[in-house]
Each structure stands twice: as structure tokens, then as C-alpha cells.
Amino acid sequence: MAITGNKGEWSEIYVLLKLLGDGILYAGDSNLTKIRDLFYPIKQIQRTENKTEIIFSVLPDKIVKICRDNNINTVEADRFAREADKLLHIIRTSKGSSFSSDDTEQFMNEIACNTLKAKSTDKTDIKMIIHDMRTCTDPELGFSIKSYIGNNPTLLNPGKTTNFIYKITPALSADDVTEINNINSFSKVCDRCTAIRQKGSALSLLKPESEIFENNMILIDGNLPTIIGSMLSVRFLENIIKIKDLTDRMQQLNPLGYNTAHNHRFYEYKIKKFLTDCALGMMPATVWNGHLDANGGYIVVKEDGDIVCYHIYNRNEFEDYLFNNTRLDTASTTRYEFGSIEYTSEGDQIFKLNLQIRFI
């Protein structure tokens, strides 16, 4: 039976082939541009399938040694590079949501790979040993892979756990509630928020719907639930979507009343930490202890197939990349149950907004 997958899943195999073909991983700047004098030679890539470890060792003379279940094979690195180029063309030109690649599958069998995505319960998509020339060490690191081939990837996936609850004050009439809930435009969430304000009412943040997500945010910074909740309402009331622009707006509104007389960038600092922890470990539905799963950082596949990494050692570049290249998206209102005026058991009117962060 043919192996099928979407563009993001095939991109993980592409990264494996491309890195083994190149034997080197370049760092990127905040604009996804390769930094030519900052790179990491790859010594080994590790992949786990069905509880079995496959080890790809990059040897001198552009040879890759493959070891699985004590079976050893060698393949020229140039072969990996050629197969990566062929797969890139297939990923970029495929139209369906799911597709197969007979040539790639044949090569995958040759290199002892049977699945597209290595099973993982954390944010690590690929593990490797690289040589860090600045520290003269060979750390074993886990990286999360994000691909721009196809739809832009998400940083924080939506879910009912990422809903925030707001109280409508003063309460609206029953006719107003019906009128607003019947707004069914393309931008209905924004339009419903605007209609609430036009009726003379406001959205007052109560809390995140999920206590686990709330506590995860508090673990990062005690004020994050308020900051993110306030940012989310600004996104839908003022139709500002880029994280950077929203942060500038938060600095102006200053909902927490910070002392900004000396131009401290309180909101930018805290939001960058939030984005970084979302990228490397924190998941809204899982109790988080602050452990970074993707302890290496991010590997980004650009639309043209070029690959850059954001090493956790280069934290400033990584934070700037996340900050400059993300936006708040709108998820499905029916699937995640938000965007309509509801009543609590006490009779209060509430409105839920959903947090989804996507790369630009």
C-alpha cells in the first residue's frame, strides 16, 4: 500500500533527505535569510519508527552510513541530495491534500524508512548530533520542523483549550443578541465584536476557558493570561492580525498599567517568551513543567525548499523570527465553539474568542 501524506508530512522526509545530502545546517536571521557564516556540520541524524531507532551517520567523503536493527548500509550523500530535489518538486506541484511519491517511497525502503512522520508526543520532529564550532562540542539536539511549502504552518494550534471568555457589559437585549448572533459574514467574528461595541457594550476579559492553559501561561509569566486575552480582543475589535503590530498596540493601550516612562518594552518581552515556549515545548492542553522538548530549536523549510535553522543558542534571532513572522488567525467557530453570545448559568452574557497563531 502506497505511503500517502500531506505537504507538511512529506516535508519531514524532505528535511531528512536534504540535510543528509548537504551535510550541513545553516542558521537563519529574523527574515528567514540564511546566515552564510553561521552553520553546523551534521554528524548524525536519529529517527525512531515503531520503537526502532534508525541512525544516519554522515561520514567523510560524502558517505552516509545507515544502521537499523544491526543492519548496516551505505549510500552516497549525492544520492540523498538528488532524491530531495525530486521530492521537493513533487511536494510543490501536488494539488491534493494528500498524495504519494513512488520514487521517494522506493528510496525510503532502501534507507530503512517506512513512515513519513516519526512518532512523537512532544514538539521534536527530528533529532541530530551537530558540531558546534563555537563551543567545539557535538550536542544531541531535537528540532521542530515547520514548512512553508503549501499552507503556512501554525505555531499554536487552535482548540477549545485556547478559548478566552469575555463578559458583555452592560448586557444586551434579547433582540440584540439574536441580531448579532445572526451575523454570518466572511469576517463574522470581527463583525459580531464590532456590533457588540456599537450597541454600547464592551467585552471584559474573564479568564481562559482552560485552567491548564491558564496555568501554563502563568508559569511563563503571571500576567500572560491578561496580556494574551487583551491582545486577542484587540485583534477582533480592531482587525489587527500581525503579532508585532498587536504588540505595538498593546504597548499603547497598556492594559496592565506598567510604568512605560522609560520606554521599557514590557509587552514585547513577555510575548516573545510566550511565542518561544509555544514553539519549543508548551502545549495548551497538557500540563507543562517548563521543559523544552525541541531543545535544539526550529528547522524551517522555505517555499523554495531552502532550509534554515533557529538554534536555541541563538535565542535573540529565534525570538525575533517568531515575533516578526506570526499572526493571529481565525479558526472554525463551530468546531471550537466560540464567536457567539452565550448565557452562563447565572444569566450573564459571555462571548468566547479563540487563540490560533500562524506563521505569515
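Computed from a prediction, not measured in an experiment: that's the story for all the values here.
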- Task: Could you tell me whether the side chains of Asn354 and Thr162 share a donor-acceptor contact shorter than 3.5 Å?
- Result: yes

- Query: Using the benzene-type ring in the case of Trp, are the ring centres of Phe274 and Tyr267 under 6.0 Å apart?
  - Reply: no

- Min side-chain heavy-atom separation Ile360-Tyr148 under 4.5 Å: no

- Item | Atom of Ser210, atom of Pro284 and distance for their closest heavy-atom approach | OG-O, 4.2 Å

- Task: Evaluate whether atom CD of Gln106 has more than 12 neighbouring non-hydrogen atoms of other residues, nucleotides or ligands under 6.0 angstrom away.
- Result: no

- ILVMFWY network linking Tyr26 to Leu19, side-chain heavy atoms under 4.5 angstrom: no

- Task: Compute whether any side-chain donor of one residue and acceptor of the other, for Arg315 and Thr276, lie under 3.5 angstrom apart.
- Result: no

- In terms of side-chain geometry, is the basic nitrogen of Lys160 or Glu209 positioned less than 4.0 Å from the acidic oxygen of its partner? no

- Which heavy atom in Arg192 sits nearest to a heavy atom in Gly339, and how many Å separate them? NH1-O, 2.7 Å

- Message: Donor-acceptor check, side chain of Arg197 to backbone of Leu237, threshold 3.5 angstrom: yes or no?
- Response: yes

- Message: Strictly by ring-ring contact (aromatic ring centres under 6.0 Å, His included), give each pair with a member in residues 149-199 just once, sequence neighbours left out.
- Response: none

- Task: Tell me whether Ile357 is reachable from Trp288 by hopping between hydrophobic residues (I, L, V, M, F, W, Y) whose side-chain heavy atoms are closer than 4.5 Å.
- Result: yes

- If you measure from CZ on Arg358 to CD1 on Ile241, what distance do you get to the nearest 0.5 Å? 11.5 Å

- Task: Indicate yes or no: does Glu268 engage Lys244 in a salt bridge with an N to O separation below 4.0 Å.
- Result: no

- Message: Determine whether the aromatic ring centres of residues His264 and Tyr258 are separated by less than 6.0 angstrom.
- Response: no

- All heavy atoms of Leu116 vs all of Gly5, minimum pair found to be CD1-CA, 3.6 Å

- Kindly write out the residues that satisfy side chain to side chain contact (heavy atoms under 4.5 Å, CB included) with Lys62, not counting sequence neighbours, or none if the list is empty. Ala77, Asp78

- Message: Salt bridge or not between Lys207 and Glu214? Use side-chain N to carboxylate O under 4.0 Å.
- Response: no

- Message: Pairing donors with acceptors under 3.5 angstrom, does anything connect the side chains of Thr226 and Asn223?
- Response: no

- Atom CZ of Arg265: over 12 foreign heavy atoms under 6.0 Å: yes

- Note on the structure: OG (Ser57) and CD1 (Ile72) are apart, to the nearest 0.5 Å, by 9.0 Å

- Task: Measure from the side-chain N and O atoms of Asn324 to the backbone N and O of Asn31, and report whether any donor-acceptor pair falls under 3.5 Å.
- Result: no

- Query: Parallel, tilted or perpendicular for Phe99 and Trp10, by the 30°/60° rule?
  - Reply: parallel

- Query: Is there side-chain contact between Lys352 and Tyr336, with at least one heavy-atom pair below 4.5 Å?
  - Reply: no

- Item | Test item: Lys7 and Ser147 side chains (from C-beta on) under 4.5 Å apart, heavy atoms | no

- Query: Is the NZ atom of Lys65 crowded by more than 12 outside heavy atoms at less than 6.0 Å?
  - Reply: no

- Query: Any chance CD of Glu211 has more than 12 other-residue heavy atoms, nucleotides or ligands included, within less than 6.0 Å?
  - Reply: no

